[in-house]
Amino acid sequence: MKRLVLVVFTFLFSVVVWGQQQQQSLGDIARQNRAHKKGSAAVRLNDDNMPRTLTANADENAPKTDDKAVKDDKDKDKDKDAKAAAKPSSEQIVKAVEAQKQEISRLQRELDVAQREQRLRAAAYYGDAGTMLRDQAKYTEDSRKLQDEIDGKKQALDTAQKKLADLQEQARKAGVSSTAVE
């Protein structure tokens with residue numbers, strides 16, 4: 001009986017010791033994998049880690065300056081000047097946004113008036129039975145014309161609102177304060 005207890009105790013002790021040797025923390029395993037893993041040069045570049053100046057290695061790899069390179073630089077400067085001239089200033093953007101807002105306001109008023117006229121015409125038509133019998137074709141034709149006019153104004157209003165959104169986005173990209181264009 002003592003032997004059996006001794007054998008069981010020895011077996012359990014050896015299992016515990018062997019288990020402790022086999023167990024590793026997840027951090028240890030990750031460190032080992034990282035050490036064995038071949039280093040990859042995949043680096044994601046963004047505005048924060050993108051170098052802003054030329055390094056010594058880049059200067060060594062760059063071609064020697066000659067007349068052609070100087071000419072290319074001058075052409076690039078001209079292109080930049082042309083782009084800068086094409087870009088509207090902050091003041092111009094704000095004026096364009098204000099003008100577009102006024103245009104949207106005008107289009108919205110015109111649409112409201114046209115819809116009000118259509119409702120008034122329908123109320124007058126349906127309110128008088130004699131008119132319904134006498135001028136049915138004329139009323140249908142007038143209603144169709146008025147509805148086409150309303151649809152055209154809605155489309156113009158949508159186009160103007162998209163243009164305003166584009167101008168506001170352009171202003172945001174140009175750094176104009178949001179209070180100036182909202």
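The structure presented is a predicted model; accordingly, all values stated were derived computationally and were not measured.
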Any Lys/Arg nitrogen of Glu149 or Lys145 sitting under 4.0 Å from an Asp/Glu carboxylate oxygen of the other? no

Any Lys153 side-chain heavy atom under 4.5 Å of Leu107 side chain: no

Would you say the side-chain atoms of Arg109 and Ser105 include a donor-acceptor pair closer than 3.5 Å? yes

Is it true that Arg106 and Glu103 have a side-chain N and a carboxylate O under 4.0 angstrom from each other? yes

Only counting residues at least two apart or in another chain, list the ones meeting side-chain contact (heavy atoms from CB on, under 4.5 Å) with Ala96. Leu167

Can you tell whether the side chains of Lys95 and Glu98 come within less than 4.0 Å, N to carboxylate O? no

Less than 4.0 angstrom from a charged side-chain N to a carboxylate O is my criterion; do Asp142 and Lys138 meet it? yes

Give, for atom CG of Leu157 and atom CG of Leu164, the distance between the pair rounded to the nearest 0.5 Å. 10.5 Å

Side chains of Gln147 and Ser143 in contact at under 4.5 Å (non-hydrogen atoms): no

Working for salt bridge (charged side-chain N to carboxylate O under 4.0 Å, His left out), residues Glu169 and Arg172: CA-CA 5 Å; Glu169 179 66 18; Arg172 184 191 67 78; 2.5 Å; yes

The reported gap from CG in Leu146 to CD in Gln115 (rounded to nearest 0.5 angstrom) is 9.5 Å

For Gln102, the side-chain contact (heavy atoms from CB on, under 4.5 Å) test, sequence neighbours excluded, returns none

Test item: Gln100 side-chain N/O and Ala160 main-chain N/O as donor-acceptor pair under 3.5 Å: yes

With Glu117, which residues qualify under side chain to side chain donor-acceptor pair (under 3.5 Å), at least two apart? none

Under the side-chain hydrogen bond (donor to acceptor under 3.5 Å, both in side chains) rule, what do Asp112 and Gln108 come out as? Steps first, then yes or no, please. CA-CA 6 Å; Asp112 290 342; Gln108 186 65 48; 3.2 Å; yes

